[in-house]
Every structure is written in structure tokens, then in C-alpha cells.
Amino acid sequence: MKIDELYALLRRRGVLWPSAEIYGGTQGLYDYGPLGAALKRRLQDAWAAWFLGLSPDYHRIEPAEILPEAVVRASGHLENFTDAEVTCEKCGTAFRAETLLESVRPEGVDGLTPAEIGEIVRASSIRCPSCGSTALHVPRPFNMMFGVPLGVAGTERGYLQPETAQASYLAFARMWDVARRSLPLGIAVIGHAYRNEIAPRQLLFRMRSFTQAELQIFFDPAGFPVPFDRVASEELPVLRAARRDAGATEPETARATELVASGLPEFYVYHLVQTYRFLRDVLRYPAGRIRFFEKSDRERAFYNRIQFDAEVRFESLGGFREVGAVHYRGDYDLTRHTEGSGRDLAVTPTGGAKILPHVLELTFGVDRNLWALADVHLGRDGERTVWHLPPYLAPVSVGVLPLIEKEHAAVATELAESLAAAGVTVQYDDASSIGRRYARMDEAGTPYCLTVDGGTVGPGPEHGSVTLRERDSKAQERVPASDVAARLAPEFRLPRPSVR
RNA sequence: GCGGGCAUAGUGUAGUCUGGUUAUCACAUAGGCUUGCCAAGCCUAUAACCCGGGUUCAAAUCCCGGUGCCCGCACCA
């Protein structure tokens, strides 16, 4: 579906809508409705079940979302999380300083003050690429973080976290003790990040408040053992930086062992494969719509040694978009926070030497993946609109419908309540015709419907049995109502990786 | 941030150029009748000109400003 059509459908069904809608909306802010909130919760649960399932040494924490200024100063966000802009006074066009100065300063402008950038612009007599004027204005600093005053006097300054990763680095020292002083040590956080985007756009893709699910794994650079044999034969769709430099635009299939042979560490490829399996097997994105896009030396953030973006092809956005990434960040983060805090973050594992751990970061945009779940799985199926969500992700697991409201409502209500008591998310619906109710359930992604009919309440051989209707195939089957919960339970179980 | 386009019930739309009756139609929603396993039919009801200012006897319609959305540029998880 095109983006407008998909968004209209999601708004109408109450999946999501613009924040402060009655005031005309606010750029980059969205609210999730009942279906969206439920789907997002399940998506987060699925992520946690999968990635925490990789190792008993991976733990989930829930840190504060405001960072004191000293933290963002040390992390580099205060100086670097800035779009240095140069504006043309004649035509008004704005340019990113780094791009504008590429020819005279190929090493980039990181670390330079606005005044220094202005000096280079003047000295180099660069012209506006848009109109040719030399009236280029000195850049004004614009930090994308939201600053907040802390305390009544407001003398201490804090920032809404621009990424959840920092909170994990801050927690490392405490977690080292809590998790009994061994490496690897994984710290997972699902939380909000806030960025004052200049141009938020494309709905859930550029939000000013969004949700990240991140796993930071601290490990000994001398050795990060993983059960590589469990992934060795997996084939990944990758677009390597070297091939892109040679003009390639389509991903190739590479076996995990081949990626290792090409120089990538086993621990890196192992987590890349597990990320792939999460996208393909848990979120069920078709393999042909997933690719791993390697960032080249020039493209990736300076602190990353290896970076592959996990990308999904979005029909609504007309191409591949990043939904997650795997970053090998080296010791950058702990080094910065060691310097910033004055606390030595190097550790000494039992029986080993003192080391500063390296970090492997697995990061996911929760909202982006929620959009992908709509883009990939929600669509027209002939006359129907069906959201083919995996059953364990569906906001409503089972719809309970009386065939004739007057005659079957009592039994159906009772059935819905007993299922709810058994832990199944049910929705009871007795409004309008049975076909329309199935259609509504299809659109919401409800994988199963139970219909109570004459046979259910009658004295005949079908007494106590209901029609079980499956969403995708529309197939129907008679099953005893008492068996339904146990019968469907496996469908609603979150997948976990097999690691041993 | 820059440039272009757009903004009418819950959703999709007609009407805007050329100002003038009670703002069109479909679907959806709610109630009733009927039907009884895949968006059926009939009746009824609910429901909109993005916000602010200006021009005019009169503004959904023309002008200005704002806000939001889409596309391109520039960016980005």
C-alpha cells in the first residue's frame, strides 16, 4: 500500500494518529491507540524473548531517560550531536557544513566550533551550490537534544536521552557486580529516545520521540566465545561496502562462514545472523525484503569499527529503510565515560588480566519495525483487507462471535470470559453480520475467530463445540470449546533462539 | 531548514479555476426490521469546509500569515 492509504487505515482503526491532533498535530510526534499500543508491547516482548534468549548473561534493565550534562559531554553528544548548518543569505538555502566543505576539508568538521567553520567558509571563498552567491552565512549551532532544567533552581542541566545506549554504558559498572563479574555481559534496554529533528517526516521514520530496543554486549576483546556452529551455514542477504564501491546495488547471498573468512569476527557474524533470524523468523519479514547494508569507512559513525544496517524494503516508502543495526563500537564508549566520570571502568575477570571491555551493539527502532509489520503484513487479499501478523504479535489473539446475537450471546460471552481467564487476549463482537465481523477481525490482524452457533447451544452431537476460523485461509473447523485454549496456546508463544 | 504540491464528516471524495439555496456521493459507525458462517438488503440517525486574519452585500471558493501532510534537496535510528 502507498503511505497515505496505509496511514489512513491505521488512523481509522486506531493503531496510531498524530499527537495533539485537535490542535492540528505536531511534527514528529505520534500517539498509539489500542491496537498500536498492544502491537508495540508484543513487538517489544518478542524482541526481548529473542535477544535475551541468546545468553543467560544478557540482562534487561530499565534506566532513567534523562541524562545529566556531564554524561552527554563525555559521550560526545553535546559537541557532535549537532547539524552544523551554513545558510545562503541570497537564496536562503541551508547546507550541512560537512557537505559544503567536503572539497576543502575532506576530513570533516567534527570538533570544530561554529566560529572556526565560519572562518573556513570565508577563507575558501566557496559559492552557494544553489545560486552561486558567495553570501554564505556563518553556521549556527543546533543541537538535536532536548535540554531540560533539573531541580527547582534549574541550575543543573539535563538532556532527554538521544539514544538508549548511553544508559547501558552508565550501568556497566553496577551491572559488573550485579551480574557476578564475568564477560560477556549484555545489557538490554527498551526505552524512549528524544531528538529535536529539523525535518521529521515519513511518519514513524523520523520522530522526535521514539522507542529503541538496544542490546549492548560488553566483551573481552581477546575472546568472545559464541556457539558459531549454530549459525555457520546460514545464508545472509548482504550488500558489502566493497561491492557497493564497485557499483553493485543488489545484495548477494553470503554464508556466515564466508563472512568470517572475509575478515569479520565470529562473534559479529553470529549476532548478525541472530538479527536476521529475528527479522525473518519472528517478525516474518520475507527474506527477499531484508538486506544487511554494510557501511563503509566513510559512511559509518567514527566510533564504529564494523557496521551493518538491517534494512527492510517498504512498499509504502518505496525502498529499503533501516530498521536496526549491528555496531562493533570497540572501547570508545567505556573510554569516554572513564575519562568523563573519573571512574576506572576497566575490569578484571576472575583469573584474568585487567581489561577495558569492547562493545557490540544491537539496535532496533521499535516504531520503525511496527511500521514494517504494517507495511509487510497488512494488505488487500481480494475483497478483504487482512493484517497477516504472526499470531503471537497480534493485538487480539481470538475473536469470539455469536452467530445470532439473540440466541448465542450468553454462551459466547461465557466462552470469551473463560478464555480471558486462561490468559488469552479475546475480543467479543456481536455487532452486524457475521461476515462483517470476520472482516473487522481480519483487518485488525486477529488470527483466530470462534463462532458460537446453533450446534454449540443445541442438544445434538455438536453441543459444546464451536467453529474455529483461521484468518489467512478462512478455513473453518469444529472444535470443542473446552479444547480451544490448549489447542491454540503454542501459536501465541514467543519464539526463542536455539543456542545450544 | 530550502523549494514544489496539497488540506472538505471516521475513511475516500464532489464542489474551488468563474465567490451566491439546506456543501455531493460512497463506504464506515449507531439504532430498527429482515437474514443467519465470510464486508447482503431496506429504513432511520450521527457526522466535515485545518487555524487565524483580510477583501466583499456575501468566502469551502479570492488574498496574507500560521499549522500539518506528501515529494525533492539537506539530514537521520
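The chains referred to below are lettered A, B, ... by the order of the sequence lines, with proteins before strands, and numbering in each begins at 1.
Taking atom P in both B/A59 and B/U22, one finds a spacing of 13 Å when rounded to whole Å. When the C1' atom is compared between B/C50 and B/U16, the two are found 16 Å apart, to the nearest whole Å. The C1' atoms of B/C76 and B/A7 are separated by 27 Å, rounded to the nearest whole Å. Here, B/G20 and B/G15 have their P atoms 13 Å apart, quoted to the whole Å. With both ends at atom P, the span from B/G66 to B/C43 equals 49 Å, rounded to whole Å. Rounded to a whole angstrom, the distance from the C1' atom of B/U18 to that of B/C62 is 11 Å.
A donor and an acceptor atom never sit less than 3.5 Å apart when one is taken from the side chain of A/Asp4 and the other from the base of B/C70. Within 3.5 Å, no donor on the side chain of A/Arg12 pairs with an acceptor on the base of B/A28, nor the reverse. Residue-to-nucleotide contacts include no donor-acceptor pair under 3.5 Å from the side chain of A/Arg201 to the base of B/G68. Interface remark: the A/Arg195 side chain does not form any donor-acceptor pair with the B/C76 base, using a distance-only criterion of under 3.5 Å.
The distance between atom CZ of A/Arg384 and atom C1' of B/C38, rounded to the nearest whole Å, is 8 Å. Distance, A/Phe293 CZ to B/C76 P: 14 Å, rounded to whole Å. At whole-Å resolution of the value, CG in A/Asp381 and P in B/C38 are 16 Å apart. Spacing between atom CD of A/Gln476 and atom C1' of B/C38 amounts to 8 Å, rounded to whole angstrom units. One interatomic measurement links the two molecules: CE of A/Met1 to C1' of B/G12, which rounds to 14 Å at whole-angstrom precision. Per the geometry, NZ belonging to A/Lys406 stands 7 Å off P belonging to B/U34, to the nearest Å. Rounded to whole angstrom, the span from the CZ atom of A/Phe205 across to the P atom of B/C71 amounts to 12 Å. The nearest whole Å value for the distance from the CZ atom in A/Arg208 to the C1' atom in B/C69 is 14 Å.
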Shorter than 3.5 Å, N or O on both sides, protein versus nucleotides 40-42 of chain B: list them out with atom names.
from	atom 1	to	atom 2	distance (Å)
B/A40	OP1	A/Arg436	NH2	2.6
B/A40	OP2	A/Ser433	OG	2.9

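Residue A/Arg440 places no side-chain N or O under 4.0 Å from the OP1 or OP2 atom of B/C38. Close to B/G36, at under 4.0 Å from its OP1 or OP2, lies no side-chain N or O of A/Arg437. Taking only side-chain nitrogens and oxygens, A/Gln202 comes nearer than 4.0 Å to OP1 or OP2 of B/C71.
With hydrogens and angles disregarded, no donor-acceptor distance shorter than 3.5 Å links the side chain of A/Arg206 to the backbone of A/Gln202.
In RNA chain B, stems built from 3 or more consecutive Watson-Crick or G-U wobble pairs, each with both distances under 3.5 Å, span B:1-7 with B:67-73, B:10-12 with B:25-27, B:29-33 with B:41-45, B:50-54 with B:62-66.
Relative ring orientation between A/Trp50 and A/Phe278 is described as tilted, the plane-to-plane angle lying within the 30° to 60° band.
A/Glu315 pairs with exactly one of A/Val376, A/Leu6, A/Asp375 by the side-chain contact (heavy atoms from CB on, under 4.5 Å) rule, that one being A/Asp375. A/Leu401 pairs in a side-chain contact (heavy atoms from CB on, under 4.5 Å) with only one of the listed residues (A/Leu415, A/Asp453, A/Thr467, A/Ile434), which is A/Ile434.
A heavy-atom distance below 4.5 Å is not found between the side chains of A/Val426 and A/Val396.
For the pair A/Glu21 and A/Thr467, both in contact range of RNA chain B, the more 5′-proximal nearest nucleotide belongs to A/Glu21.
When only modelled atom types and interatomic distance are considered, A/Thr446 and A/Trp387 share no side-chain donor-acceptor pair under 3.5 Å.
Remark: ring of A/Tyr438 does not overlap the six-membered base ring of B/A39 in a stacked fashion, as centroids less than 5.5 Å apart with planes less than 30° apart are not both met.
Within a 6.0 Å sphere centred on NE2 of A/His463, other residues, nucleotides and ligands contribute 12 heavy atoms or fewer.
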